[in-house]
Every structure is written in structure tokens, then in C-alpha cells.
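Report on the following structure.
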Amino acid sequence: MQSISIDNKEFIPYISKDKITLLVEHVAQKINNELCNEDVVFIGVLNGSFIFMADLIREINFHVTISFIKLASYQADKSSGEVKQIIGLNIDLKGKTVVIVEDIIDTGITLEYLLKQIEQQQPAKIKVASMFFKPKACKMPVHIDYLGTEIPNDFVIGYGLDYNGFGRNLPDLYRLKS
Ligand code: IMP
Ligand code: MG
């Protein structure tokens, strides 16, 4: 794999698409085992989660529903620390098992915001699935029920994740060269 440049920043290959596929299968297996008898709605956090969501739900072997919410906190390669809701939820979550689907949990600010929002709708349970997690960047205690993999505190792109809007379509994960 070759490195990639966006806006004069260099990104180097980090996790291959084959490795990612295995990690997604592993996450799906755990959800299939634990939640197959529940009324589950997956809620993806746009934009970043759309690819993980698409791969994950095709490995789910029982009936589920899906919705998306659109939030933004990042500017270029830094978290702004403030979450903005751009598209809200239009479904009723009361009594459901909600699985939040995130591309990555970094500071944890987005997740905390989302948990508060969803709790207001009185779901039966809230579970969290995230493809990537940066424990060293996390500023709050977070619990991730279904995790692809932990990564170091590097800025990454690919597999849905962007730098200034670019890089989401890369099948592999790349990290910013330091
Ligand atoms: P948090 O609120 O800091 O946990 O970050 C949440 C959102 O920031 C994620 O859902 C991503 O959309 C974005 N983000 C965090 N880290 C990265 C990264 O390394 N690359 C691209 N986007 C990121
Ligand atoms: Mg995101």
C-alpha cells in the first residue's frame, strides 16, 4: 500500500481492509449472540459511520431497523469540543434496544451528547458499537460494548473517516504521518 496526500498532509497505511473486515465480523458475531432476541434499532452517527454501518448490518443475522443522526464536532484534524446536531432522529425509541454505531470514539464528547439525547426517549437499553477507539484521547469515562479495535492517539482517515471531507472512500485505514 502507498501513502496518500491530502492538502499537503501525508497519510500512511495503517490497517488493511482485510483486517477491518475480520474486525467487523467479530463485532457482528457478538451482537448476533447477545441481542438476537431483542427489538433492536441501529443508530448510525453521520457522516463517519456510514461505511461501518453498511458492513456491520450485512453481518447481522436477525431482523433489525436502522436510522441515522447527523452530528459534527471536528474541524480538519482537531475536535472543536462542541457537538452540533445537523439532522435529528425521527423515530420512536421507547422500549427498544438501541445500538449506537460510531466510526470512532476520540474525546468521547459526541458519545456523551448522544447518550443524553437517546436516554430522553426511554429506550429499554443503549449499547455502543464503534469501529475504532482512541483511549489516550478520551476525556470521559466511556463504555463501548462492541469495539472493532483500539488505536493510538493519531489522526486517521479511510473507512468512512475524513480529513477536511476527503478520504472517506478509502477502503483501508491510514494515519497522519508525524
Ligand atoms: P469525539 O466526540 O471526540 O469522540 O469524536 C467523534 C467524532 O470525531 C468521530 O465520530 C469522528 O467523526 C471524528 N473523529 C475523531 N477522531 C478522528 C480521526 O482520527 N479522523 C477522522 N475523524 C475523527
Ligand atoms: Mg463520527
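Counting starts at 1 for both ligands and their atoms, in listed order.
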task: Name the orientation class of the two ring planes belonging to Phe132 and Tyr159 (parallel below 30°, tilted from 30 to 60°, perpendicular beyond 60°).
output: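 The arrangement is perpendicular - the two ring planes meet at more than 60°.
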Could you tell me which atoms of ligand 1, counted from 1 in the order shown, lie closer than 4.0 angstrom to a heavy atom of [X]?
X      : answer
Lys134 : 16 (N), 17 (C), 18 (C), 19 (O)
Gly108 : 1 (P), 3 (O), 4 (O)
Glu102 : 10 (O)
Asp162 : 21 (C)

- prompt: Does a side chain donor of either Tyr14 or Asp154 reach within less than 3.5 Å of an acceptor in the other side chain?
  reply: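 On atom types as modelled, these side chains do not qualify, holding no pair under 3.5 Å.
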query: Does the side chain of Asn164 come under 3.5 Å of the side chain of Asp7 through a donor N or O and an acceptor N or O?
result: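 Yes, a side-chain donor-acceptor pair sits under 3.5 Å.
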query: Hey, does Met140 have a side-chain heavy atom less than 4.5 Å from the side chain of Ile109?
result: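 In short, these two side chains touch, coming nearer than 4.5 Å.
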task: State, yes or no, whether a side-chain contact exists between Leu56 and Ile31 at a heavy-atom distance under 4.5 Å.
output: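 Yes, side chains in contact.
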query: Mind checking whether Val45 has a heavy atom under 4.0 Å from ligand 1?
result: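 Not so, Val45 does not reach ligand 1.
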message: Counting only heavy atoms closer than 4.0 Å, does ligand 1 sit against the backbone of Leu161, its side chain, both, or neither?
response: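 It is the side chain that gets close, since no backbone atom is under 4.0 Å.
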- prompt: Using a heavy-atom cut-off of under 4.0 Å, does the side chain or the backbone of Asp103 touch ligand 1, or both, or neither?
  reply: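 For Asp103, only side-chain atoms sit under 4.0 Å from ligand 1.
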Under-4.0 Å salt bridge between Asp172 and Lys17: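 So Asp172 does not pair with Lys17 through a salt bridge.
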message: Heavy atom to atom 21 (C) of ligand 1, shortest distance: which of Val156, Asn47, Ile109 holds it?
response: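 The residue whose heavy atom sits nearest atom 21 (C) of ligand 1 is Val156.
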